[in-house]
Number of protein chains: 2
Amino acid sequence: MAGVKFSRQRQAIIDYLCSTKEHPTAETVYTNVRINYPNVSLGTVYRNLNLLADEGEILRLTCGDGSDRFDGNPKPHYHFLCNNCGRVIDLDIEPMNHIDVLAAAGFDGTIEGHTVLFNGTCPKCKTS
Amino acid sequence: MAGVKFSRQRQAIIDYLCSTKEHPTAETVYTNVRINYPNVSLGTVYRNLNLLADEGEILRLTCGDGSDRFDGNPKPHYHFLCNNCGRVIDLDIEPMNHIDVLAAAGFDGTIEGHTVLFNGTCPKCKTS
DNA sequence: AACAATAATGATAATTGTTACTATTATTAT
DNA sequence: ATAATAATAGTAACAATTATCATTATTGTT
């Protein structure tokens, strides 16, 4: 990583993101990093989340519910958004490369990839 | 539509959305409606876009590129976002209902639907 | 270990996209 | 025409995010 120096704050952000499956927003990352670094700034959180997402170390999820969410697992995978509680959950399914082929049919551009967001009712909301 | 009255401004917004394939942002809708209604307000545009999207008369697209976009065609269909120019293009492919079945495997919640956004290089950016 | 180069920070201001408020105007049913 | 009420324009407020900048931390070099 040319021109990038280590920082305790960035490491704390990575550590927190890797410790949770909750797909937190920048605000939630901030709240949690502040437990160990009480005077970290929200700007630092945003700056590092952007840096890490640009580097491909984390994933940014735009679910259309106000703020972006982040995922410490950078490997492409699929997500589910609960229509009821807004929770975002990882889905354990294989990459659906074949849909890129479907999309490419009759399209003059080049398909490089896709993002999919499934929605419905999550397990917790189903049983309560 | 209970409790909803006609308005020239709302009709102009619908007319503009149905006249374009460009998936405009609220700001772009505003700019274009102002050609015929020079003192329409941006708040009116937002209010009506939200109303129409809630009623299912138009589609709201959240592509993660700053502002939401809108589509005068409310029938569910798929979109492509150009990594280079940011243009959003309709894809003419069939609904991929089968991916909901894939997603449901091993998931304890209920899958009700999905949104997919393909990305890559659009035809115009490819040839220039 | 001190030093120099420069990346990162905290604090805060600024920006952007969007929503809320309110007095006035437009639509619609009677 | 009238009355009821939805919609408007204009503006203020808001939330999420980015920019600015003086200070601090990291890192490679002597």
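So that the names make sense, note that chain A is the first sequence line, chain B the second, and so on, each numbered from 1. The figures that follow rest on heavy atoms only: side chains count, while hydrogens, waters and symmetry mates do not.
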Whether [X] contacts [N] is assessed here as follows: a side-chain N or O lying under 4.0 Å from the phosphate OP1 or OP2. Is that the case?
{"X": "Arg47(B)", "N": "dT19(C)", "answer": "no"}
{"X": "Asn48(A)", "N": "dT9(C)", "answer": "yes"}
{"X": "Arg8(B)", "N": "dT27(C)", "answer": "yes"}
{"X": "Ser7(A)", "N": "dT9(C)", "answer": "yes"}

What's the closest nucleotide to the side chain of [X] if the choices are [options]?
{"X": "Asn50(B)", "options": "dT18(C), dT19(C), dA8(C)", "value": "dT19(C)"}
{"X": "Ser41(A)", "options": "dT19(C), dA11(C), dA16(D)", "value": "dA11(C)"}
{"X": "Lys5(A)", "options": "dT17(D), dA25(D), dG10(D)", "value": "dA25(D)"}

Point to revise | Asn48(A) and Gln9(A) side chains, donor-acceptor separation under 3.5 Å | key: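 No, no side-chain donor-acceptor pair sits under 3.5 Å.
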Point to revise | Flag for Asp90(B)-His79(B): side-chain donor and acceptor within less than 3.5 Å | key: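 Side-chain D/A pair, His79(B) to Asp90(B): present.
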Take atom [atom1] of [X] and atom [atom2] of [N], then tell me their distance rounded to the nearest Å.
{"X": "Leu52(B)", "N": "dA7(D)", "atom1": "CG", "atom2": "C1'", "answer": "13 Å"}
{"X": "Leu42(B)", "N": "dA13(D)", "atom1": "CG", "atom2": "P", "answer": "17 Å"}
{"X": "Tyr30(A)", "N": "dA11(C)", "atom1": "OH", "atom2": "P", "answer": "8 Å"}
{"X": "Leu61(B)", "N": "dG17(C)", "atom1": "CG", "atom2": "P", "answer": "17 Å"}
{"X": "Tyr37(A)", "N": "dA11(C)", "atom1": "OH", "atom2": "P", "answer": "16 Å"}
{"X": "Ile13(A)", "N": "dG10(C)", "atom1": "CD1", "atom2": "C1'", "answer": "13 Å"}
{"X": "Leu49(B)", "N": "dG17(C)", "atom1": "CG", "atom2": "C1'", "answer": "13 Å"}
{"X": "Arg10(A)", "N": "dT27(D)", "atom1": "CZ", "atom2": "P", "answer": "10 Å"}

Practice item. Rounded to the nearest 0.5 Å, what's the gap from CD1 on Ile111(A) to CG on Leu91(B)? Could you check? Key: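 Interatomic distance, Ile111(A) CD1 to Leu91(B) CG, rounded to 0.5 Å: 5.5 Å.
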Check your understanding: Quick one: CD on Glu27(B) to CG on Asn32(B), what's the gap to the nearest 0.5 Å?
Key ->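 CG of Asn32(B) is found 11.0 Å from CD of Glu27(B).
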Practice item. Heavy atoms only: give me the nearest Gly113(A)-Asp100(A) pair and the separation to one decimal. Key: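 Looks like CA-OD2, 3.7 Å.
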Check your understanding: For Tyr46(B) and Gln9(A), take the nucleotide of DNA chain C holding the closest heavy atom to each; which residue's nucleotide lies nearer the 5' end?
Key ->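 Upstream on the strand: Gln9(A).
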Review point. Does Glu27(B) or Phe6(B) map to a spot on DNA chain C nearer the 5' end, using the closest nucleotide for each?
Key: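 It is Glu27(B), whose closest nucleotide lies nearer the 5' terminus.
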Practice item. Give one of base, sugar-phosphate or nothing for Thr44(A), where a contact means two heavy atoms less than 4.0 Å apart. Key: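 Touches a base.
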